[in-house]
Amino acid sequence: MQIMADVGGIPGKNCRGFCNYCYFKNVTSGIVLGCKYCPPGQVGCSHCTTDTNMTRDFFPAFRVLTQIQSTLFNTEISKDLMVNITGDGDVSCYPELVELTQGIKNMGMTTHLGYTSGKGIDDPGIVDKLINNDVVETTYTAFSTDPQLRRKWMNDPTPEASVEALKRFCESCDVHAASIIIPGINDGEILRKTCDDLESWGAKALILMRFANSREQGLILNSKPLIPGIEPQPIDEFEQIVKDTAKEYNLRVTGTPLCDPDNDSPYALSKEKNKEYLEILTPVRAKATIITSKISAPYIKKIFENLNAGDYVNVIPTNQDIACLITKQDLEEIDLEQVQETVIIPGRCFIHDLVAEEVLQKDGKKRLIHRGPDMLTMDGEMSGTLSKQDVLKQELLAFEDLIELINYMGVHI
């Protein structure tokens with residue numbers, strides 16, 4: 001079990017400058033998206049407004065420790081309770097990291113260092129201090145173990161120290177490495193060298209992340225390309241890179257948005273070998289339209305076809321690759337002729353409920369708009385620590401919730 005410790009930070013400022021591929025690189029302040037957390041009559045809140053994470057510097061350690069203590073008052077203490085240090089800046093750049101981890105240790109808990117690039121580490125010796133403070137897990141952006149590539153593409157001022165720190169972390173705690181794969185830069189032989197190093201150092205896992213360079217690939221805060229002229233791999237080619245890497249190395253290799261070769265996610269329930277599990281689910285008794293991403297749509301459609309509900313539950317893909325990043329613009333591009341009276345949108349998509357209703361009723365037809373479960377499946381960022389049974393269980397629970405929503409709110413057959 002983990003509790004979160006938010007140290008704050010501003011992207012691009014509290015990380016020693018943007019990496020060339022950073023999602024926030026071209027983001028300006030003042031972008032308001034809308035989401036399920038917004039007040040009923042207001043579009044925009046702390047969750048979906050970029051001002052929130054573009055204006056807060058790192059918090060002092062005493063404030064973070066106080067927040068942890070407050071959380072503990074409402075948390076059942078267990079032996080495996082761990083604190084996950086996270087923030088919008090780079091955790092390795094947090095100036096009081098040693099003091100913070102020492103404070104957490106004094107509370108009797110271990111620490112997971114959330115996503116860090118290592119760019120804040122000038123002296124690898126800090127790793128020894130962190131390990132002594134019971135840092136037992138680290139999520140570390142490797143990109144490449146070639147210091148010169150890190151210097152050029154991550155703007156890492158001390159790449160040799162960052163790579164040495166990664167090595168020491170691998171040797172001393174559970175390291176979940178991450179690499180955003182940029183075609184022609186850190187794939188191919190460069191990726192193999194990175195994997196060779198991680199495997200020999202003792203890393204536990206590696207997540208490969210598909211580079212996003214356009215709005216439909218996830219740049220919803222600013223559609224300007226991060227690196228002009230570079231085209232990310234087609235999704236099927238990226239999936240194959242993940243599968244090939246997983247087969248070749250003794251690392252727990254996963255990918256996002258696809259895939260996890262070890263447990264069949266995403267959408268393990270869509271696989272023929274898992275078809276029998278669908279018998280557990282409640283029968284579908286109503287009509288509805290499900291709006292989702294273009295990656296998820298074929299899987300969800302297959303599951304409902306296998307549930308013998310393909311004729312009355314239609315699945316509409318948007319141009320967005322990731323369902324939780326669907327915005328008003330994506331809904332506006334949908335052909336409303338395909339949309340039924342009951343519509344289910346992704347639970348975490350970035351659009352206010354009233355705005356979704358307005359867009360999906362602009363043809364004059366009354367439709368009921370509802371949010372589905374937050375997640376129907378898990379990508380490699382979440383599935384990497386789960387078993388096949390865990391993934392199937394989570395998907396069955398999510399699809400049961402979805403079907404119950406369809407049956408309750410949809411037009412009955």
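Any value given below was found using the heavy atoms of this structure, including those in side chains, with hydrogens, waters and symmetry copies removed.
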**Q** Where is the tightest heavy-atom contact between M107 and L72, given as atom of each residue plus distance?
**A**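 Result for this residue pair: SD-CD1, 4.1 Å.
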**Q** Report yes or no: does E239 contribute a side-chain atom to a donor-acceptor pair with the main-chain N or O of L258 at less than 3.5 Å?
**A**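 Between the backbone of L258 and the side chain of E239 there is no qualifying donor-acceptor contact (under 3.5 Å).
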**Q** If you count the non-hydrogen atoms of other residues, nucleotides and ligands that lie under 6.0 Å from NZ in K362, is the total more than 12?
**A**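 Check passes, neighbour count above 12.
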**Q** Given D262, which partner from the list K243, K247, R252 fulfils the salt bridge (charged side-chain N to carboxylate O under 4.0 Å, His left out) test?
**A**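 Only one of K243, K247, R252 forms a salt bridge (charged side-chain N to carboxylate O under 4.0 Å, His left out) with D262, namely R252.
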**Q** Distance only, no hydrogens: is a donor on one side chain within 3.5 Å (strictly under) of an acceptor on the other, for T318 and E333?
**A**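 No pair is found: no donor N or O on one side chain lies under 3.5 Å from an acceptor on the other.
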**Q** Do you see a donor-acceptor pair shorter than 3.5 Å between the side chains of T139 and H112?
**A**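 There is such a pair between these side chains.
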**Q** How would you list, by chain and number, every residue that makes a side chain to side chain contact (heavy atoms under 4.5 Å, CB included) with Y277, sequence neighbours excluded?
**A**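 Only L269, N274, I280, L392, L396 meet the side chain to side chain contact (heavy atoms under 4.5 Å, CB included) criterion with Y277.
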**Q** For L130, run the side chain to side chain contact (heavy atoms under 4.5 Å, CB included) check against T138, L113, L100 and tell me which one passes.
**A**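 Checked T138, L113, L100 against L130; only one passes side chain to side chain contact (heavy atoms under 4.5 Å, CB included): L113.
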**Q** Do the non-hydrogen side-chain atoms of L368 and E357 ever get within less than 4.5 Å of each other?
**A**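 Not touching, per the 4.5 Å side-chain cut-off.
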**Q** For the CG atom of D187 and the CD atom of E189, what is their distance to the nearest 0.5 Å?
**A**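 The CD atom of E189 is 10.0 Å from CG of D187, to the nearest 0.5 Å.
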**Q** For K275 and S270, indicate whether the former's side chain and the latter's backbone hold a donor-acceptor pair under 3.5 Å.
**A**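 No: the side chain of K275 does not pair with the backbone of S270.
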**Q** Give, for atom CD1 of I126 and atom CD1 of I121, the distance between the pair rounded to the nearest 0.5 Å.
**A**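 Output value for this atom pair is 6.0 Å.
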**Q** For a 4.5 angstrom cut-off between non-hydrogen side-chain atoms, does I207 reach T256?
**A**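 When only atoms from C-beta onward are counted, T256 and I207 do touch, with a gap below 4.5 Å.
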**Q** May I ask you to say whether E171 pairs ionically with K167, meaning some side-chain N is under 4.0 Å from a carboxylate O?
**A**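 A salt bridge links E171 with K167.
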**Q** Answer yes or no: is there an ion pair linking D6 with R56, defined by an N-O contact shorter than 4.0 Å?
**A**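 Yes, D6 and R56 are salt-bridged.
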**Q** Aromatic ring centroids of F211 and F238 under 6.0 Å?
**A**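 Centroid separation for F211 and F238: 6.0 Å or greater.
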**Q** Would you check if D353 and I369 make a side-chain contact, meaning some heavy-atom pair closer than 4.5 Å?
**A**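 Result no, sub-4.5 Å side-chain heavy-atom pair not found.
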**Q** For N155 and N20, which I'm curious about, is there any donor-acceptor pair between the side chains at under 3.5 Å?
**A**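 Short answer, yes.
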**Q** Minimum heavy-atom separation for C45 to C35, with atom names?
**A**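 Shortest heavy-atom contact: SG-SG, 3.5 Å.
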**Q** My understanding is that only residues two or more places apart in sequence, or in another chain, count here; which of them pass side chain to side chain contact (heavy atoms under 4.5 Å, CB included) with E216?
**A**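 Checked E216 against side chain to side chain contact (heavy atoms under 4.5 Å, CB included); matches are S214, K294.
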**Q** In this structure, are over 12 heavy atoms from other groups packed under 6.0 Å from N250 atom CG?
**A**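 No - once you tally the heavy atoms of other residues, nucleotides and ligands closer than 6.0 Å, there are 12 at most.
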**Q** Would you check if there is a donor-acceptor pair between the side chains of T194 and D197 at a distance under 3.5 Å?
**A**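 No donor-acceptor contact under 3.5 Å links the two side chains.
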**Q** Are side-chain N/O atoms of Q338 and N314 paired as donor and acceptor at under 3.5 Å?
**A**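 Per modelled atom types, Q338 and N314 side chains form no pair under 3.5 Å.
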**Q** Tell me if a side-chain donor or acceptor on S265 pairs with a main-chain N or O of A268 at a distance below 3.5 Å.
**A**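 Such a contact is absent between S265 side chain and A268 backbone.
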**Q** When the ring planes of F399 and Y267 are compared, do they come out parallel, tilted or perpendicular, using 30° and 60° as the limits?
**A**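 Ring orientation of F399 relative to Y267: perpendicular.
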**Q** Please confirm whether the backbone N or O of M154 pairs with a side-chain atom of K119, one donor and one acceptor, at under 3.5 Å?
**A**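 Indeed, once roles are kept as given, a pair shorter than 3.5 Å links the two residues.
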**Q** How close do L206 and C195 get, counting heavy atoms only, and between which atoms?
**A**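 L206 and C195 have their closest heavy atoms at CD2-SG, 3.6 Å.
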**Q** More than 12 foreign heavy atoms under 6.0 Å from CG of D311: is that the case here?
**A**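 Result for CG/D311: open.
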**Q** Taking the six-membered ring for Trp, is the centroid-to-centroid distance between F58 and Y94 below 6.0 Å?
**A**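 Yes, the ring centres sit under 6.0 Å apart.
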**Q** Do you know which of I31, V27, L33 makes side chain to side chain contact (heavy atoms under 4.5 Å, CB included) with I220?
**A**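 The residue from I31, V27, L33 that satisfies side chain to side chain contact (heavy atoms under 4.5 Å, CB included) with I220 turns out to be L33.
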**Q** Quick check: closest heavy atoms across P257 and P266, and the distance to 0.1 Å?
**A**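 Residues P257 and P266, closest heavy atoms: O-CG, 4.2 Å.
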**Q** Taking side chain as C-beta onward, heavy atoms only, is F350 less than 4.5 Å from L221?
**A**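 No; the side chains remain at least 4.5 Å from each other.
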**Q** Does the side chain of E160 come within less than 4.5 Å of R151's, by heavy atoms?
**A**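 Sidechains of E160 and R151: in contact.
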**Q** Answer with yes or no whether the side chains of Q2 and N84 bring together a donor and an acceptor at under 3.5 Å.
**A**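 Checked: N84/Q2 side chains pair up, N/O donor to acceptor below 3.5 Å.
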**Q** Is the backbone N or O of V175 less than 3.5 Å from a side-chain atom of K204, with the two atoms forming a donor-acceptor pair by type?
**A**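 The answer is no, because no donor-acceptor pair under 3.5 Å joins these two groups.
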**Q** May I ask you to test the I406-I344 pair for a side-chain heavy-atom distance under 4.5 Å?
**A**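 Contact flag for I406/I344 side chains = yes.
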**Q** State whether the number of non-hydrogen atoms from other residues, nucleotides or ligands found under 6.0 Å of M382 atom CE is greater than 12.
**A**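 Atom CE in M382 is not crowded, with 12 or fewer foreign heavy atoms closer than 6.0 Å.
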**Q** From L325 CG over to Q217 CD, what is the distance, rounded to the nearest 0.5 angstrom?
**A**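 L325 CG to Q217 CD: 12.0 Å, rounded to 0.5 Å.
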**Q** Please give me the minimum heavy-atom distance between A142 and L166, naming the atom from each residue.
**A**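 Reported closest heavy-atom pair: CB-CD2, 3.9 Å.
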**Q** Locate the shortest heavy-atom distance separating N222 from N26; write the atom from each residue and the value.
**A**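 So the minimum-distance heavy-atom pair works out to ND2-O, 2.5 Å.
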**Q** Can any side-chain N or O of Q340 pair as donor or acceptor with the backbone N or O of A288 at less than 3.5 Å?
**A**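 Confirmed, Q340 side chain pairs with A288 backbone.
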**Q** Between SG of C19 and CZ of R150, what distance do you get to the nearest 0.5 Å?
**A**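 Interatomic distance, C19 SG to R150 CZ, rounded to 0.5 Å: 8.0 Å.
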**Q** Please determine, by modelled atom types, if Q240 and D244 share a side-chain donor-acceptor pair under 3.5 angstrom.
**A**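 The answer is yes; a qualifying pair exists.
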**Q** Using only heavy-atom distances, determine whether the side chains of D260 and S383 contain a donor-acceptor pair under 3.5 Å.
**A**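 Yes, because at least one side-chain N or O of D260 sits under 3.5 Å from a partner of the opposite role on S383.
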**Q** Kindly check if the number of other-residue, nucleotide or ligand heavy atoms within 6.0 Å of NZ (K36) is above 12?
**A**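 Buried by this count: over 12 neighbours within 6.0 Å.
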**Q** Going by distance alone, is a donor N or O of one side chain under 3.5 Å from an acceptor N or O of the other, for S162 and D156?
**A**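 Yes - a donor-acceptor pair under 3.5 Å links their side chains.
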**Q** Taking atom types as modelled, find out whether R215 and T327 have a side-chain donor-acceptor pair closer than 3.5 angstrom.
**A**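 A donor-acceptor contact under 3.5 Å links the two side chains.
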**Q** Are side-chain N/O atoms of D122 and T158 paired as donor and acceptor at under 3.5 Å?
**A**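 A donor-acceptor contact under 3.5 Å links the two side chains.
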**Q** Report yes or no: does E279 contribute a side-chain atom to a donor-acceptor pair with the main-chain N or O of L281 at less than 3.5 Å?
**A**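 Absent.
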**Q** Please determine if R16 and D90 form a salt bridge, counting it only when a charged side-chain N lies under 4.0 Å from a carboxylate O.
**A**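 Salt bridge: no.
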**Q** Is there side-chain contact between T101 and D134, with heavy atoms separated by less than 4.5 Å?
**A**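 Result no, sub-4.5 Å side-chain heavy-atom pair not found.
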**Q** Any side-chain donor paired with an acceptor under 3.5 Å for E381 and Y115?
**A**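 E381 vs Y115: donor-acceptor pair found between side chains.
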**Q** Side chains of D196 and Y249: any donor to acceptor distance under 3.5 Å?
**A**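 Per modelled atom types, Y249 and D196 side chains form a pair under 3.5 Å.
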**Q** Can you tell me how far CD of Q233 sits from CD1 of I241, rounded to the nearest 0.5 angstrom?
**A**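 Reported value, rounded in 0.5 Å steps: 4.0 Å.
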**Q** Would you mind reporting whether R168 and D128 have side-chain heavy atoms less than 4.5 Å apart?
**A**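 Heavy-atom side-chain distance check passes, below 4.5 Å.
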**Q** With no hydrogens and no angle check, do the side chains of S293 and Q320 hold a donor and an acceptor under 3.5 Å apart?
**A**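 Side chains of S293 and Q320: no pair found under 3.5 Å.
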**Q** Under 3.5 Å, is there a donor-acceptor pair linking the side chains of T116 and S92?
**A**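 Side chains of T116 and S92: pair found under 3.5 Å.
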**Q** Step by step, would you call K129 with E99 a salt bridge (Lys or Arg N to Asp or Glu O under 4.0 Å)?
**A** CA-CA 10 Å; K129 296 179 181 180; E99 293 82 359; over 6 Å; no
**Q** If you round to the nearest 0.5 Å, how far is SG of C173 from OH of Y140?
**A**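 Y140 atom OH to C173 atom SG measures 11.0 Å (nearest 0.5 Å).
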**Q** Looking at K193 and D146, does any basic side-chain N land under 4.0 Å from a carboxylate oxygen?
**A**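 No.
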